[in-house]
Amino acid sequence: MHEMSIVMRLADIAMDYARRNNAKRISRVVVQVGELTGAVPRYLSMFYPAVAEGTLLEGSELVVETIAASVFCTDCGSTYNPTRTPEMKCPECGGESCDTIEGKSMFVKEIAIEEGDAS
C-alpha cells in the first residue's frame, strides 16, 4: 500500500516545519487529497498514529480533506466529475476522452503547532 509511504512523507514535512518553527509539538495536520490520486483516506488515517508515535506528531490529529475530481470532455466541452458517472464517461455525450482539471494533487494544507520556548 502506498498510503504508508504517503503518511511517512507527510510526517517528514510536518516534522521539518515544526523544527524550523521551534515547536514543542504538532497538534494537527490537514492534508488535501484528490479523488484521482489513488490514495485511500481511511488508510492514511489508519497508518498515521503508527508513524506519529514517538515524534512531535504523537497525539496529533490528521484531517484528510478530499479534492473532488473534475475533467473536461474533449469531445463536447462539458466539465464533470468522472467518479460520479457510469464507467467514468461524459454524462453529456458518453465520450471517454477528457483532460483532468482537478483531483490528481495532494498537499499539506495546514500544520498546527504548539510553539516551544524562545530560549
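We number each residue from 1, following the sequence as shown. What you see below is based on every heavy atom in this structure, not just the backbone, and it leaves out hydrogens, waters and symmetry mates.
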* Asked: Which pair of heavy atoms, one from Leu56 and one from Ala23, lies closest together, and at what distance?
  -> CD1-O, 4.0 Å
* Asked: Do Phe107 and Ile67 come within less than 4.5 Å of each other through their side chains, counting heavy atoms only?
  -> yes
* Without swapping roles, check the side chain of Asn21 against the backbone of Tyr17 for a donor-acceptor pair under 3.5 Å. => yes
* Short question: side chain of Ser70, backbone of Glu102 - any donor-acceptor pair under 3.5 Å? -> no
* To do: Please confirm whether the backbone N or O of Ala39 pairs with a side-chain atom of Thr37, one donor and one acceptor, at under 3.5 Å?
  => yes
* Within-4.5 Å side-chain heavy-atom neighbours: Cys76 and Cys90 -> yes
* If Ile, Leu, Val, Met, Phe, Trp and Tyr residues are connected whenever their side-chain heavy atoms lie under 4.5 Å apart, and connections chain through other members, are Ile13 and Met8 in the same group? -> yes
* **Counterpart residues, salt bridge (charged side-chain N to carboxylate O under 4.0 Å, His left out), relative to Lys89 (two or more places apart)** => Glu87, Glu96
* After noting the C-alpha distance and the side-chain angles of Asp99 and Thr74, does the key distance pass the side-chain contact (heavy atoms from CB on, under 4.5 Å) rule? -> CA-CA 7 Å; Asp99 293 327; Thr74 57; 3.3 Å; yes
* Out of curiosity, Ile26 CD1 to Leu62 CG, how far, rounded to the nearest 0.5 Å? -> 11.5 Å
* To do: Begin from the C-alpha positions of Val29 and Leu57 and carry the test side-chain contact (heavy atoms from CB on, under 4.5 Å) through to its verdict.
  => CA-CA 9 Å; Val29 176; Leu57 287 162; 3.8 Å; yes
* For His2 and Ser5, which heavy atoms make the closest approach, and how far apart are they? -> O-OG, 2.8 Å
* To do: Return the minimal non-hydrogen interatomic distance between Ala68 and Asn81, and the atom names on each side.
  => CB-ND2, 4.0 Å
* Asked: Yes or no on side-chain contact (heavy atoms from CB on, under 4.5 Å) for Met106 and Val31, after CA distance, side-chain angles and deciding distance?
  -> CA-CA 7 Å; Met106 179 184 312; Val31 62; 4.1 Å; yes
* To do: To the nearest 0.5 angstrom, please state how far the CD1 atom of Ile6 sits from the OH atom of Tyr43.
  => 13.0 Å
* Asked: Which residue pairs satisfy the side chain to side chain donor-acceptor pair (under 3.5 Å) criterion with at least one member in residues 53-63, sequence neighbours excluded?
  -> Tyr48-Ser60
* **Flag side-chain contact, heavy atom, 4.5 Å: Val51 against Met4** => yes
* State the CG-CD distance between Leu10 and Glu3, to the nearest 0.5 angstrom. => 11.0 Å
* ILVMFWY network linking Met88 to Val71, side-chain heavy atoms under 4.5 angstrom -> no
* Applying the 4.5 Å side-chain criterion to the ILVMFWY set and letting contacts propagate, would Val33 and Ile111 be lumped into a single cluster? -> yes
* To do: Output the distance between atom CD (Glu114) and atom NZ (Lys24), rounded to the nearest 0.5 Å.
  => 5.5 Å
* For residues Leu36 and Thr83, report the shortest heavy-atom separation together with the two atoms involved. => CD2-CG2, 4.1 Å
* **Verdict with reasoning, Cys73 to Ser97, per side-chain contact (heavy atoms from CB on, under 4.5 Å)** => CA-CA 6 Å; Cys73 177; Ser97 180; over 6 Å; no
* Got a salt bridge between Arg28 and Glu110, using NZ or NE/NH1/NH2 to carboxylate O under 4.0 Å? -> yes
* Asked: What distance do Tyr80 atom OH and Ile101 atom CD1 have between them, rounded to the nearest 0.5 Å?
  -> 10.0 Å
* **Glu115 CD to Ile113 CD1 distance, which is reported to the nearest 0.5 Å** => 5.0 Å
* Using a strict 4.0 Å threshold on nitrogen-to-oxygen distance, state whether Glu35 and Arg84 make a salt bridge. => yes
